[in-house]
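One structure is given here, and the rest of the page talks about it.
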Protein chains: 2
Amino acid sequence: MSHLLRNHIEAISPLSDEEFDYILSHFVLKKLKKHSFLVQEGNYVKYEYFVLKGCLKAYIADNDTGKEFIYQFGVEDWWITDREAFFKSSKATINIDCLEDSEVLGITLENREKLVAEMRKYEHFVAVKANLGYISLQKRLQLMIMGSVKDRYENFIQQYPHLINRIPKSFIASYLGVSRETLSRLYRF
Amino acid sequence: MSHLLRNHIEAISPLSDEEFDYILSHFVLKKLKKHSFLVQEGNYVKYEYFVLKGCLKAYIADNDTGKEFIYQFGVEDWWITDREAFFKSSKATINIDCLEDSEVLGITLENREKLVAEMRKYEHFVAVKANLGYISLQKRLQLMIMGSVKDRYENFIQQYPHLINRIPKSFIASYLGVSRETLSRLYRF
DNA sequence: TTGATTTTGTGACAAAAGTCACATCAGAAA
DNA sequence: TTTCTGATGTGACTTTTGTCACAAAATCAA
């Protein structure tokens, strides 16, 4: 029996049916309407989420200028949360909302720690994930500093091929760290 | 008996003398002269390093333009390596060299995995470290996109207060992602 | 369908940062 | 000390990107 989360974990740690069912029992399913918030600035962040369906954006709002910087999109097969608030049990400094009707699986910090403590395989999975996440973030930082806007856009297309015509260009611009006008002028030629 | 690495680990996981000695026995000490390389592009990366003394820079060279982007400085109490190459046992894409005579403790991937497998405390330590590292990298990315050069510079001063008059300004500029001229013009007033 | 938002592209101009050139200054080495 | 190399500051100019304004196109809801 195939499950998105199972495939996702098994890409790193193969599991028996029982093991996967046991893991899955620690998650709760949430169904969300477009425009609803999964995480909101100032609130505690009880869950870390695995996206099953839909599309979300995680962003930081600059209260002075009224602008926002999208640091991550959450689509099928991606994890999303306010990492700092989740792990430190502090209040969120970011917002996550749905660009489309979405379905996510949430796990609490307690359940996460329980699984990590009980299952070597899950522990290995999260350790590998943390590393890969760190590495890809580092690459993004590098691209942001050394790459032109065009480089960044091309990289984006590779990373999120389905998103280009699925979400407003202004969100992509925000993710790339440029104004929507500059992005718009990029693909005139 | 106090040891820089011990204090560093114990900030997260308290250890007995025996436990620390056991951990330490998995590291090798390296002493390096100024200008020597710790990691060089194209080579395999056998170790992850904890800096005891001195100052190093980790940077990516752009072969086209001849420029470099410094993504991290390694000073006392910091870890440094080519993370991707180290964990994936692939060839380095970055360089790390010494800005001063330096001393580092290196641990191989095998020893690291051995310690993680044997000692719950060490496993906890590296997991927490990975998380904190991810979070601080995320903040740096945010600052890079949303913050002005001045914001970034002020943040740098907070993070590395000892480095400002210890290393050339051009290195700081590279870390901040601007030209040295732009940085120079910042603190004219 | 229709009217109202939202999204998008684009021109004109402003602001920020990069590039090049050169003079000065400080520190390392002979 | 003297010489030399590398670091730093700064002016002049170029390039890139941002900002504002507005019109056309697309999308959404009643």
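On a predicted model such as this, the values are computed, not experimentally measured, just so you know. Residue numbers start from 1 in every chain, and the chains themselves are labelled A, B, ... in the order their sequence lines are given, proteins ahead of strands.
At distances below 3.5 Å, at least one donor-acceptor pair connects side-chain atoms of B:Lys121 with backbone N or O atoms of B:Pro14. A donor-acceptor pair under 3.5 Å is absent between the side-chain atoms of A:Arg112 and the main chain of A:Glu48, judged by distance alone.
Taking a cutoff of 4.0 Å between a charged side-chain nitrogen and a carboxylate oxygen, B:Glu118 and B:Lys114 qualify as a salt bridge.
Taking for each of B:Lys34 and A:Ser170 the nucleotide of DNA chain C with the nearest heavy atom, the 5'-most of the two is the partner of A:Ser170.
A side-chain donor-acceptor contact under 3.5 Å links B:Tyr49 and B:Lys30. Using modelled atom types, one finds no donor on one side chain facing an acceptor on the other under 3.5 Å when comparing B:Ser36 with B:Asp97.
Between the P atom of C:dG27 and the NZ atom of B:Lys169 lies a distance of 12 Å, rounded to the nearest Å. Summarising the geometry, the separation between CD1 on B:Ile172 and P on D:dG9 is reported as 11 Å, rounded to the nearest angstrom. Here D:dT17 presents its C1' atom at 15 Å from CD1 of B:Ile145, a figure rounded to the nearest Å. Atom-to-atom, CZ of B:Arg185 to P of D:dG9 comes out at 11 Å; the value is rounded to the nearest Å. The CG-C1' distance, from A:Leu186 to C:dT10, rounds to 14 Å in whole Å. The CG atom of B:Asn165 sits 13 Å away from the C1' atom of C:dA26 (whole-angstrom rounding). For A:Met146 and C:dA17, the CE to P distance is 19 Å, given to the nearest whole Å. Regarding A:His35, its NE2 atom lies at a distance of 10 Å from the C1' atom of C:dT6, rounded to whole Å.
None of A:Asp17, A:Leu24, A:Ile23 except one satisfies the side chain to side chain contact (heavy atoms under 4.5 Å, CB included) rule with A:Arg6; the exception is A:Asp17.
Residues B:Leu176 and B:Tyr153 form a side-chain contact, since some pair of their non-hydrogen atoms from C-beta on lies under 4.5 Å apart. Side-chain contact between B:Phe37 and B:Ile96 is absent, with no heavy-atom pair separated by less than 4.5 Å. Side-chain contact check for A:Tyr160 versus A:Tyr175: some heavy-atom pair is nearer than 4.5 Å.
Of the residues in residues 173-183 of chain A, those with a non-hydrogen atom less than 4.0 angstrom from any atom of DNA chain D are A:Gly177, A:Val178, A:Ser179, A:Arg180, A:Glu181, A:Thr182. The stretch residues 148-164 of chain A touches DNA chain D through A:Val149, each having a heavy atom under 4.0 angstrom from the strand.
At least one side-chain nitrogen or oxygen of A:Lys67 sits closer than 4.0 Å to the OP1 or OP2 atom of D:dT19.
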